[in-house]
Trainee: 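Input: one structure, supplied below.
Order of the sequence lines sets the chain letters (A, B, ...), proteins ahead of strands, with each chain counted from 1.
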Number of protein chains: 2
Amino acid sequence: MEERCENCIVRKFNALRAMSKEELKAVSDSKVSRKVKKGEVIFDEGEKLNGIYCVRGGVSKLAKLSPNGKDQIVKLASKGEVLGQRSVVAEENSNLSATAVSDMEMCFIPKEAIISTLHKNPDFTYEVLRHMAHDLKEADDVIVNMSQKTVKERIAEALIYMKNNFGEDKEGYLALVLSREDIANVVGTATESCIRILSEFKKKGLIKTSGKRMAILEARKLQDLADGF
Amino acid sequence: MEERCENCIVRKFNALRAMSKEELKAVSDSKVSRKVKKGEVIFDEGEKLNGIYCVRGGVSKLAKLSPNGKDQIVKLASKGEVLGQRSVVAEENSNLSATAVSDMEMCFIPKEAIISTLHKNPDFTYEVLRHMAHDLKEADDVIVNMSQKTVKERIAEALIYMKNNFGEDKEGYLALVLSREDIANVVGTATESCIRILSEFKKKGLIKTSGKRMAILEARKLQDLADGF
DNA sequence: GAGAAAAGATGACACTTGTCAGCTTTTAAA
DNA sequence: TTTAAAAGCTGACAAGTGTCATCTTTTCTC
């Protein structure tokens with residue numbers, strides 16, 4: 001027997017918290033829990049989404065294929081975040097693909113329950129709106145970073161971001177383990193350039209690595225680097 | 001005597017169209033019309049906004065100052081678009097600055113009228129949400145372009161964008177006249193690089209110029225360039 | 001209309017970054 | 001455990017782009 005949305009703690013982090021008991025009950029009755037293995041595709045760019053995915057655990061990358069054949073990772077989504085929200089709201093096919101970068105646990109919620117609540121409950125709609133406003137601000141910030149910062153600055157920033165948003169394990173390694181290629185796709189550079197710069201950071205003692213795992217040793221210096229000093 | 005919002009055609013292009021007669025009346029009673037001269041700043045980054053600006057005519061650039069001291073233009077807004085919407089919805093200070101790039105005519109609407117409607121009229125909230133969803137998609141696309149395309153491709157794209165979104169005058173020149181510096185700030189490059197590439201386009205017969213005015217001669221070829229061919 | 005200021009243009013040069021090629025290490029599968 | 005595949009790494013080199021300096025043209029102001 002699966003947990004019901006009414007009792008789900010993850011809901012506190014997203015717009016579902018603004019739903020009424022009845023609405024939540026309807027959502028819970030129609031939702032489908034699903035486990036996704038690392039590397040598995042949740043949905044593809046251009047796909048018609050019939051609902052949203054509420055992330056209960058694990059991390060997903062939202063990416064878009066550029067004309068030159070490279071994936072650009074636009075956002076990393078984890079616990080509490082909702083995938084496909086934008087597409088369902090706009091009634092458009094998905095603009096991004098979603099892929100699990102770690103094993104994930106999520107709930108699929110058919111769009112009908114969401115859309116009908118959007119039409120009836122202004123508190124919920126407002127809450128979704130506020131979340132989207134936040135996403136939009138973040139996206140604008142990414143645009144500025146992408147166009148004005150060097151690759152080295154962006155990689156330093158990505159490392160800090162990973163530490164702040166996904167934390168570290170007991171040994172001090174970043175909890176989120178990404179391949180060099182994924183990191184390169186986050187900052188929009190070639191995999192080789194990414195590797196080279198990470199090697200440089202390692203040489204300078206800013207980070208250390210153990211297999212694919214990475215640990216930040218000098219957060220302050222990395223932050224300064226990211227800020228262009 | 002100024003025009004009332006109820007009769008304003010510009011409203012058709014934005015979320016205000018979902019307001020009820022009464023709500024619209026309240027907005028109209030509290031709004032302040034304002035003319036802004038080219039180059040004038042409408043609001044600054046970090047500023048607290050007490051309302052939104054509904055653009056009736058002219059064009060504005062929304063920009064953000066990057067740590068290295070360069071302005072990145074994130075969006076160009078014209079007739080029908082609403083400035084400051086994101087900040088008012090999120091109840092945050094502005095993330096971007098807004099500056100007129102041509103003489104403008106706009107209405108300032110105090111945030112109270114907007115926020116109270118957001119709480120009461122789900123149709124309006126939904127409509128604002130849909131617009132923001134659209135903006136978010138556009139922002140994601142910009143992220144991909146910025147990180148994956150060359151400066152030349154981005155400039156070609158910017159020219160096409162200017163033609164499609166702001167049109168041409170009778171002589172075939174782009175209706176929106178931007179300085180080389182502004183174009184550079186849209187595509188995120190140095191002014192000199194921008195000038196150099198525009199000169200190259202001119203030499204190749206893709207565009208022609210007359211003072212600051214520019215005309216697109218070979219839209220197809222520019223489009224191919226923008227797409228990386 | 002003259003003079004000043006802003007914008008546009010161009011060359012030289014250095015630095016950043018991407019590409020290709022080859023090699024080593026790690027991971028996963030048989 | 002062996003083997004194959006994937007990921008990580010490094011060097012060489014070319015192309016792309018930013019910076020600085022200088023000059024010309026356009027625009028604005030008095």
Side-chain angles (χ1 to χ4, degrees), chain A residues 37-40 66-72 99 101-103 145-156 158 173-174 177-204 207-214 225-226 228, chain B residues 37-40 61 66-72 99 101-103 145-156 158-159 173-174 177-204 207-214 225-226 228:
Chain A
K37 283 244 170 308
K38 176 180 173 178
E40 213 176 303
S66 80
N68 66 27
K70 282 191 187 160
D71 254 341
Q72 174 64 39
T99 309
V101 294
S102 66
D103 288 349
N145 282 339
M146 283 297 179
S147 54
Q148 303 286 358
K149 290 192 174 178
T150 65
V151 172
K152 194 180 294 186
E153 288 164 0
R154 279 180 272 152
I155 291 181
Y173 286 93
L174 291 174
V177 177
L178 290 182
S179 69
R180 303 292 194 261
E181 187 179 7
D182 276 342
I183 297 176
N185 289 345
V186 166
V187 304
T189 189
T191 307
E192 295 94 324
S193 298
C194 178
I195 289 174
R196 235 181 281 274
I197 287 169
L198 286 174
S199 299
E200 186 190 325
F201 287 173
K202 197 156 50 170
K203 237 172 243 154
K204 287 187 180 160
I207 63 171
K208 67 176 175 179
T209 61
S210 162
K212 298 184 65 159
R213 298 190 310 156
M214 286 193 303
L225 244 177
Chain B
K37 282 242 170 309
K38 177 179 170 177
E40 213 176 302
K61 60 177 175 185
S66 80
N68 66 26
K70 282 191 189 162
D71 254 341
Q72 174 65 39
T99 309
V101 293
S102 66
D103 288 349
N145 281 339
M146 282 297 179
S147 53
Q148 303 287 357
K149 291 192 173 178
T150 65
V151 172
K152 194 180 292 185
E153 288 164 0
R154 279 180 271 152
I155 290 181
L159 292 172
Y173 285 94
L174 291 174
V177 176
L178 290 181
S179 68
R180 303 291 195 261
E181 187 180 6
D182 276 342
I183 298 177
N185 289 346
V186 166
V187 302
T189 189
T191 307
E192 295 94 325
S193 298
C194 178
I195 289 174
R196 235 181 280 275
I197 287 169
L198 287 175
S199 298
E200 187 190 323
F201 285 173
K202 198 157 49 172
K203 238 172 244 155
K204 287 187 180 160
I207 62 171
K208 67 176 177 179
T209 61
S210 162
K212 298 183 65 158
R213 298 191 309 156
M214 288 192 304
L225 244 177

Trainee: Measure from CD1 on B/Ile183 to P on C/dA7 and round the result to the nearest Å.
Mentor: 13 Å
Trainee: Run the numbers on A/Ser102 and A/Val177 for side-chain contact (heavy atoms from CB on, under 4.5 Å), then give the verdict.
Mentor: CA-CA 8 Å; A/Ser102 66; A/Val177 177; over 6 Å; no
Trainee: Check this one for me: any side-chain N or O of A/Ser199 less than 4.0 Å away from OP1 or OP2 of D/dT10?
Mentor: yes
Trainee: Could you list the residues that satisfy side chain to side chain donor-acceptor pair (under 3.5 Å) with A/Ser147, not counting sequence neighbours?
Mentor: B/Gln72
Trainee: Tell me: CE of A/Met214 to P of D/dA7, nearest whole Å?
Mentor: 15 Å
Trainee: Run the salt-bridge test on A/Lys204 and A/Glu200 with the 4.0 Å N-O cut-off and return the result as yes or no.
Mentor: yes
Trainee: Please report the closest heavy-atom contact between B/Val101 and B/Lys38, naming both atoms and the distance.
Mentor: O-CG, 3.7 Å
Trainee: In this structure, how many angstroms lie between the P atom of D/dC9 and the CG atom of A/Leu198, rounded?
Mentor: 8 Å
Trainee: Over how many whole Å does the gap from B/Leu178 atom CG to C/dA7 atom P extend?
Mentor: 13 Å
Trainee: I need the CZ-P distance between B/Phe201 and C/dA9, as an integer number of Å.
Mentor: 14 Å
Trainee: Starting at the 5' end of nucleotides 11-30 of chain C, put B wherever the base has a protein heavy atom under 4.0 Å, S where only the sugar-phosphate does, and a dash everywhere else.
Mentor: BB----SBBB----------
Trainee: Find the distance B/Ile195:CD1 to D/dT25:C1' and express it as a whole number of Å.
Mentor: 12 Å
Trainee: Enumerate all atom pairs, one protein N or O and one N or O from nucleotides 3-6 of chain C, separated by less than 3.5 Å.
Mentor:
none

Trainee: Do you know which two heavy atoms are closest between A/Ile207 and A/Leu198, and how far apart they sit?
Mentor: CD1-O, 3.7 Å
Trainee: Between B/Glu153 and B/Gln148, what is the shortest heavy-atom contact and its length?
Mentor: OE1-O, 4.5 Å
Trainee: Do you know which of B/Asp182, B/Asn185, B/Thr99, B/Asp71 makes side-chain hydrogen bond (donor to acceptor under 3.5 Å, both in side chains) with B/Lys61?
Mentor: B/Asp182
Trainee: Which whole-number value in Å describes the distance from A/Arg213 CZ to D/dG8 P?
Mentor: 14 Å
Trainee: Please find the pair of heavy atoms, one from B/Met214 and one from B/Ile183, that lie closest to each other, and give the distance.
Mentor: CE-CD1, 3.6 Å
Trainee: Could you check how far CG of B/Asn185 sits from P of D/dT17, rounded to whole Å?
Mentor: 16 Å
Trainee: Verify the distance criterion only: is there a donor paired with an acceptor across the side chains of A/Ser66 and B/Lys149 at less than 3.5 Å?
Mentor: no
